[in-house]
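Worksheet for the structure shown next.
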Amino acid sequence: MNRDRINKILNQIPTHFIIIFMILIWVVPTLGLLITSLRPVQAVNTSGWWTVLSPPRGSAEYNQYCASCHGVEGIAITNADLTDPELISRFPRSLQLLATLRADINSQPHMQDTPVPEDQAAADIAVHLKKISGIDEQPRFTFSNYIDALVGYRGTRSYQKDCAAGTAPLDIHCDTSDLLNPRGMGRAFVNSLLVTIPATFLPILFAAFAGYAFAWLDFKGRFLLFSILVGLQVVPLQMTLVPISRLYAQLGLNGTFLGVWLFHTGFGMPYAIYLMRNFLGSLPRDLFESAYLDGASHWTAFYQLVIPLAMPAIASLGIFQFLWVWNDLLVALVFLGGTTPVMTYQISNMVTSLGAGWQLLTASAFLSMLLPMIVFFALQRYFVRGMLAGAVKG
Ligand code: HEC
């Protein structure tokens, strides 16, 4: 290696550190969220997600105090088989266990020379005994948070347990139709898709037309109109909620998908037109002139030239608009409300005001992240190109 290359690599080290640091900053919490969403409720409430890899609770204490006589497996003394659920169910709390440990066996101290464990250790041992005897069969990981969130279970009860015991509420049928329960994320996912796909597609389609017109059609007041459109970007969305919902009330559009599509289209278009015009305006003029000379109409020029060439801009706009509409709560809340809940609405309803049920929140958050992540990774190679194209030439 020559000196230049070494220098180059050395110079890059700070950049690499910053990039790695930035990746860690979002990957670690995301991983924590994912792990939490896969843990059983009790575990979520009692220990942090980073403890999943530590040894299970109580096994160390058990080995320290009890394994010398009862064996590591708990079956060394046949008269007192600690893996026997019947025996262990006699000690529902660590108090009873401590009493047994303090009592004499055949007029000898139970634990002989070993000191009896103090309260905390005894509680941990009790947990361990419940686990090895299979009374409290609690898996380390479970999908039950996802299932509960999908079918719309709230609080700390569990869909699977309720359905197995036949104690599910009336609106739960314990079959696949529960996925469409209006309180669940399954139904909300469908609603979110129904809102997001047209609300992404429509503004981009109109913006592509308008961008083409602003860039390549000569008409009067072109610059003025474009300036007005650019200026419209500063109008805050909240300002229009009242007039639009009054208008929608007259038109009967409140609570309909059409109303939301129109709203998002209206608010997506100024920026989309701005970006499309800049992108299309930066395409070489010769391209269009030779196309027109060959007898192409504006229509063919648009379909054959503009759409393929503008793919990077369309993709990056698509990502932006998709994410915005998908994560939007305000518009969905005002114009759709609870009758047609979307995912953001459902998530905001997941947790009770007392904070119970946040294991469901982790699962719902992950469910609602899934599609944006897929869209982002599918379109990301266009994304950078589209951003640069809009920014460099204006
Ligand atoms: C010095 C050896 C020794 C140690 C240490 C010891 N045990 Fe025992 N344990 C015994 C013997 C012996 C019996 C009685 C077996 C019988 O009934 O004949 C017994 C019985 C038991 C029983 C059954 C009691 C009953 O009422 O039937 C339980 C439960 C138990 N041990 C739990 C523990 C736990 C938990 C620990 C650790 C904190 C522990 N033991 C530590 C020797 C020991």
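Computed from heavy atoms alone, side chains included, the values below leave out hydrogens, waters and symmetry copies. Quick caveat: nothing in here was measured; it's all calculated off a predicted structure.
Listed for the S192 side chain is a donor-acceptor partner under 3.5 Å among the backbone atoms of M343. Of the possible polar contacts, none joining the Q359 side chain to the T36 backbone as a donor-acceptor pair under 3.5 Å is found.
Two rings, from F320 and W324, have their centers 6.0 Å or more apart. Note: F267 and F263 meet the aromatic proximity criterion, with ring centroids under 6.0 Å apart.
The environment of R140 atom CZ is dense: over 12 non-hydrogen atoms of other residues, nucleotides or ligands sit within 6.0 angstrom. Few gaps surround CD on E118; more than 12 heavy atoms of other groups in view lie less than 6.0 Å from it. Around the CZ atom of F201, the shell of radius 6.0 Å holds no more than 12 heavy atoms that belong to other residues, nucleotides or ligands. Counting heavy-atom neighbours within 6.0 Å of F17 CZ, excluding the residue itself, gives a total of 12 or less. In this structure, Q233 places its CD atom where more than 12 heavy-atom neighbours from other residues, nucleotides or ligands lie under 6.0 Å away.
Looking at T167 and D162, their side chains do bring a donor and an acceptor atom within 3.5 Å of each other. Side-chain N/O atoms of H70 and Y62 include no donor and acceptor closer than 3.5 Å. When only modelled atom types and interatomic distance are considered, R90 and T100 share no side-chain donor-acceptor pair under 3.5 Å. Under the 3.5 Å distance criterion, with hydrogens and angles disregarded, no donor-acceptor pair is assigned to the side chains of S158 and Y153.
Ring geometry for Y274 against Y271 counts as tilted: the plane angle lies between 30° and 60°, on a 0 to 90° scale. Ring orientation note: the planes of Y292 and F288 are tilted relative to one another, at an angle of 30° to 60°.
How far CG of L275 is from OG of S316: 5.5 Å, rounded to the nearest 0.5 Å. Remark: D148 CG to T142 OG1 distance equals 8.5 Å, nearest 0.5 Å. Between the CD atom in E61 and the OG atom in S59 there is a gap of 7.5 Å [rounded to 0.5 Å]. In this structure, the separation between SG on C66 and NE2 on H110 is 7.5 Å, given to the nearest 0.5 Å.
F214 does not carry R222 over the face of its six-membered ring by the limits of under 6.0 Å from the centre and within 45° of the normal.
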Item to check | CA sep, side-chain torsions, deciding dist, call: L287, L309, side-chain contact (heavy atoms from CB on, under 4.5 Å) | outcome: CA-CA 11 Å; L287 207 66; L309 284 175; 3.4 Å; yes
Checklist entry - What's the verdict on side-chain hydrogen bond (donor to acceptor under 3.5 Å, both in side chains) for S47 and R39, showing C-alpha distance, side-chain angles and the deciding distance? => result CA-CA 10 Å; S47 61; R39 300 180 73 206; 2.9 Å; yes
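V116 and I77 fall into different hydrophobic clusters, where Ile, Leu, Val, Met, Phe, Trp and Tyr residues are linked whenever their side-chain heavy atoms come under 4.5 Å apart, directly or through other members. Hydrophobic clustering keeps V127 apart from L98 (ILVMFWY residues linked when any side-chain heavy atoms are closer than 4.5 Å, directly or through intermediates). Follow the hydrophobic side-chain contacts under 4.5 Å out from L229 and you reach L217 in the same cluster.
In this structure the side chain of L202 never reaches within 4.5 angstrom of the side chain of M269, judged on heavy atoms.
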